[in-house]
Every structure is written in C-alpha cells, then in structure tokens.
Amino acid sequence: MEERSLHFIEQEIEEDNRTGRYEKRVHTRFPPEPNGYLHIGHAKSICLNFGAAARYGGLCNLRFDDTNPTKKDVEYVESIMADVRWLGFDWGDRLFYASQYFGQIYEYAENLIRTGKAYVCELSADQIREHRGTLTSPGKPSPWRERPAPESLDLFRRMRAGEFPDGSRTLRAKIDLASGNINLRDPVLYRILRAPHHRTGTTWCIYPMYDFAHGQCDSLERITHSICTLEFEDHRPLYDWFVQSLGIYAPRQIEFARLNLTYTLMSKRKLLELVRDGLVRGWDDPRMPTLCGLRRRGYTPEAIRAFCQRIGVAKMNSTIEVGVLENAIREDLNRRAPRVMGVLRPLRVVVENVPEGRVEDFELANNPEDTAAGTRRVPFSRDLFIEREDFMEEPPKKYFRLAPGREVRLRGGYFLKCDRVVKDAQGAVSELRCSIDPATRGGQAPDGRKVKGTIHWVSAAQAIRAEVRIYETLFTRPDPDEGGDYRRNLNPRSLEVLKDCLLERSVAGAAPGKTVQFERHGYFCVDPDSREGALVFNRTVSLRDTWAKIQEKE
RNA sequence: UGGGCCGUGGUGUAACGGUAGCACGAGGGAUUUUGGAUCCCUCUGUCCAGGUUCGAAUCCUGGCGGCCCAACCA
C-alpha cells in the first residue's frame, strides 16, 4: 500500500473510533443491485468498503440489493461475486440479499402503521406524483393520509394477501408534505407487484422500495459505516427517520463522489444498451469499462486497486483522465510482463550475407527489469520480418530507424544495414535487402560505433502467426455524452484487428490470460478466442510513445 | 428566500490557523541494446469580495459557479 494521508471517510471512521460511537467496530458492506455487470466505478466502491474494513480490522459484507424483482438476473449475481473475488476481496460467510429480510421489513412496515407513521394510499402513480408538488411548491395530502391505523393495517395485510391488483395501492410514510426535501413528502414504502423474485419466488406480491429496505438492511447487519454515493445524500434524513421511528440500530451513512473517467461511459443503463444493441461484443468486450472487460483486456487486480488508491476519495464531482488508469496498468505490467518480440505489420527482410538455411540462437533476457525472469532463446536467420513502420524510404528528421543506406540494431542481434529496397508492381515497398555486420553479434560494435535505433524482428521460418486486436477508446470525446447522444460519439476505430502478425515462437501455446510485452509496442494478453495454433492477443495498453508525440507536433 | 452537496495547477488529490505538497499530464535534460524503463530539473493552482487574525486554502459574512433531488427504479 502506498504512503498517503487519510481520506475524509477514514478520518470520520477514526473519529468514531476515538469517540467509541460503535465500540471501535468497523463494519461496511458493498451493496450492488444485481442488474448489470460491475464496472471500474464499482471497483472504487469495493476498494473503499473492503479497504476500510481491512484497514481497521473490521468486516465487509457483500449484499445484493434485490428489492425490485423485475430486473434481476442470476447471471448478474454470479458475475458480481466473481468480479469482487477477482479484485482480491473476500466477504467470508457474509453473503446477503436484501430479499432475505423481506419478512423483517414487512414487520417494520406494520410497526409504522400501528404507530400512525404510515398509511395505505389508494392514489395512482400519476396522482401521487401530482400530489407531491414541485421543487418549489409543497405537496398536497393524499385523501387517505388520515385514515385510521387499524384500517391501514387491515388494508396492508390484504395487499400482502394479494386481494388488490398491481399498482392499486401503496403503503406510504406519513412525514412532511411541505419539506424542501422531496424524499420526505410521504414516500412510498411498499408497492403491489406480482412478479416472481429470483430468490423468494412467488412468496410476495408486495415489495419494499429501495428506500424502505436499504437502511434497514444496514441496520440489521449492524453496519457501522454505510458508504454510498452522493445522490443518496438527500435520502439520509429519510433513512434516519425510519431508524428513529422504528427504534432500531443506527448505522452512519457517508457519501462520496462516484468515479467518472474520460472517454468512458459509466452508466449501467447505457452499458447495457451497448451490449444489447451489439455496439460491443458483450459485457466482457475489452473496450468496456466493466471489470470483466478490463480483465479480458489484460488489466490486473493489482493495477485496478492501485488506481483506486491513487484517485482518492472526496465529495467533489470530478472526472479522472483515463491516462491515470493506463499509467497504473503500465506500471504493474512493466514489472512483471515477460518481453517478447512481435511484428504486427510485417515487412520482409533478406539478410544477404547470411547463408540460406543457417539458424542461430540468441539468448535474450525475459525482463530487463527483473533478472529472475530468466532468458529465452530466439532464432535468427537470413529471412526476417521487421515492422513496416520501422522503415522509411525518405525518413524525416529525428527518425532513428531503418532507411536506405542506414544502419540500426536488431534487438539482441546484429547491426543491420539496408542496402536495397525492393518494390512491387504498384511501387510499394515489398522487401528489403540488407546485410549484417558479423562483428556486432549481441548488439555491440567492437569499433565503438553507435546506432540511433534498435528495432524488433522475427525470423520468418520460426515465427508463429497470430491475430492481434488493437483497442482505442470506445468514444471519440472525453465526455461520451457530449452532444446528447453517446452513440454519435462512438469511435469507429476503437477496434483494429491485425490478422497477419508474426510473433517470436516462445509465445506458442500461451494460455488465455497470459500477458506479455511485445517490445516497443505495449502489453498484450492472450484472448479466450484463441484456438490451438491460432493465438489471439488483445493489446492491454501501448507503451509510452515519444516518437508518436514528436510526429504529432510536426 | 424549495432542499442538499461541492468549489485548490490541464486532471485528480493533500494541507486541519503557520513554507500550498503528491500523482497523472506537459516541457527540458541525463541515461539506455525497447523512442520503453529509470533518474534529475521545470511548468501551471487556493472561484470572487469583504471581515476576524501577527498570520487564512483553512474561521465568519455576502456573492458567483457547478452537481443532485419532483419512479409504485436503485
């Protein structure tokens, strides 16, 4: 863990520990709604909740907020558990569902009715909205607001028994119709909804609203710090009202600003649209900000956790530049990814002073950052491939790579000089005729002469063919919603598929998930689409590219 | 006079009445068998106006600006 000062939530927790508010207990929870896949924004919340518990020797529960039966899916439940585990966190035996408390929450409702704090209302949804007033004008009381408690109780029990059609009645709290906080204008507590629930089946035909469930679930689990996002700040007085009216244990809610990232959509609804409308290949499309997408892309849990650490926690709405995320994964992979040579856009090179059929092996370091990573043998021969962009017939200033008459170093091999350029019928460069200096074996010239550039290469006969998928941001604008429709900002070049890449043979047979650095390109990982003898790689992130920056400026 | 929250370099985030620091970014240099990595240097900031104070990003007052709230969603 990096050295840093406490963020405001940790400060509040420490303050509570000092005053003994919760007997120095720290118990948090991560409460996702199982209606979508977890994304990088959730990672912030997960790190925050599990992180705080770990830091203060406490516990963190995983609880599915499944109060609304209509849009849940076991697929989501399973993916969420897998993603939290993958991120590196453990909820032990504390896996809960809001739905498991339905019985208790129902009792709470009856309790409020008996004490005159809730009533059964027969207004329609539209009428309730009209009665609620506006932001600047107070609400009007429902005609059923003053109905005697026994009558409400009877009606509520009959709602539960299924005597009334969906939507015909609600249970409402009786709070304050004139409150500036609209959440306090007699909010709906229960609705009639004949929808089977993924956990409770058809046991219930009435379901509590999120607002009437969430705080009580926290209370029942004896959560000390209910960490949530800013938009629930206005709901806190309501939760406090429930807890007080019911006389139950009171957790403390603390709100923080959710994560926003440039060039990234974070809305679950829009992410779902991308998947459903086929704008991406699925929830785990490597261009998606979902945890499964990032995983497939080659992001590591360590990098994501470091990222969450680095961005901090505060109440100010803000947007982090994606570069910070990219930096986190580069930093992690630089330390651990084995280096390998891969030519993405091949250009044939014939080394004329190497005899045909001769193959020699070079021993190359797997990771210059880590000698423990060992070495590997890389074959060299007369027929090579180099990167097309590592040769220019008319090189501009500051171009250090190969050009007619110029000499460069083949990474780990010899100095190579371009003697002749061969072109096809269309005039495009099709092949280079080159020669090596045998005295430079290993990459040093005995006469001390230097070369400005070092390029990567593969030996034609031994190279393996692979598909490489290059990703750019999914959107062309830092704010995908700019202009009102994110679809119009989709980046047509967010995916480029390179089918004829040639890789060093040492990666043959690599398993899905395996990450390597293709030298001078970036970090790549094996995609699950790979088949025997047909590897597919995803580019996780490119290396920093100073040359590209120089070109941009000209 | 609806309620709530928030304003620190380009982007994030520290400071808790006492030298505005860190990361990303940008620029420059050293080094380098990855134009990578590493190291060094530099750059730009307290929303505004008053007040309190020896001293204010911090406390007070008033502005200005931004975000959230009017689902039987969460």
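Heavy atoms only: backbone and side chains are in, while hydrogens, waters and symmetry mates are out. Residue numbers begin at 1 in each chain, while the letters A, B, ... track the order of the sequences.
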* Contact class for A:T319 (heavy atom, under 4.0 Å): base, sugar-phosphate, or nothing? -> sugar-phosphate
* To do: Check whether any side-chain nitrogen or oxygen of A:K549 sits under 4.0 Å from OP1 or OP2 of B:A26, and answer yes or no.
  => yes
* Touch class at under 4.0 angstrom, heavy-atom based, for A:V313 against every strand present -> sugar-phosphate
* Tell whether A:R544 reaches the base of B:G35 with its side chain through a donor-acceptor pair below 3.5 angstrom. => no
* To do: May I ask you to check if A:R29 and A:F96 form a cation-pi contact, with NZ or CZ under 6.0 angstrom from the six-membered ring centre and within 45° of the axis?
  => no
* Is it true that the side chains of A:E387 and A:H521 contain a donor and an acceptor less than 3.5 Å apart? -> yes
* Verify the distance criterion only: is there a donor paired with an acceptor across the side chains of A:Y37 and A:E75 at less than 3.5 Å? => yes
* On a whole-Å scale, what distance lies between the C1' atoms belonging to B:G28 and B:C68? -> 44 Å
* Does A:Q309 have a side-chain nitrogen or oxygen under 4.0 Å from the phosphate oxygens OP1 or OP2 of B:C24? -> no
* Interatomic distance at P, B:G25 relative to B:G63, whole Å -> 42 Å
* Asked: With a non-hydrogen cut-off below 4.0 angstrom, is A:Y399 in contact with a base, only sugar-phosphate, or nothing?
  -> base
* Output the single nucleotide from B:A37, B:U8, B:G35 whose closest atom is nearest the side chain of A:F400. => B:G35
* Asked: Does the base of B:G36 carry an N or O that pairs as donor and acceptor with the side chain of A:Q517 under 3.5 Å?
  -> no
* Asked: Expressed as a whole number of Å, how far does the C1' atom of B:G62 sit from that of B:U52?
  -> 15 Å
* To do: Provide the distance between the two C1' atoms, one in B:A56 and one in B:G18, to the nearest whole Å.
  => 10 Å
* **Side chains of A:Y239 and A:D211, donor plus acceptor under 3.5 Å** => yes
* Asked: With a 4.0 Å cut-off on heavy atoms, is A:K398 in touch with a base, just the backbone sugar-phosphate, or nothing at all?
  -> base
* Taking protein heavy atoms under 4.0 Å as touching, what does nucleotides 65-74 of chain B look like 5' to 3' if B marks base contact, S marks sugar-phosphate-only contact and - marks none? -> --SBBBSBBB
* Asked: Which value, rounded to the nearest 0.5 Å, describes the distance between A:D390 atom CG and A:L416 atom CG?
  -> 11.0 Å
* From A:T170 atom OG1 to A:R191 atom CZ, the distance as rounded to the nearest 0.5 Å -> 11.0 Å
* To do: Record whether the side chain of A:Q11 comes under 3.5 Å of the base of B:C16 through a donor-acceptor pair of N or O atoms.
  => yes
* Asked: Per the atom types in the model, does the base of B:G35 pair as donor or acceptor with the side chain of A:Q551 at under 3.5 Å?
  -> no
* Asked: Say you pick atom P in B:G66 and the same atom in B:U53; how far apart are they, in whole Å?
  -> 35 Å
* To do: State whether A:R330 places a side-chain N or O below 4.0 Å from either non-bridging phosphate oxygen (OP1 or OP2) of B:A37.
  => no
* To do: Please state the P separation for the pair B:C22 and B:U61 - nearest whole angstrom.
  => 34 Å
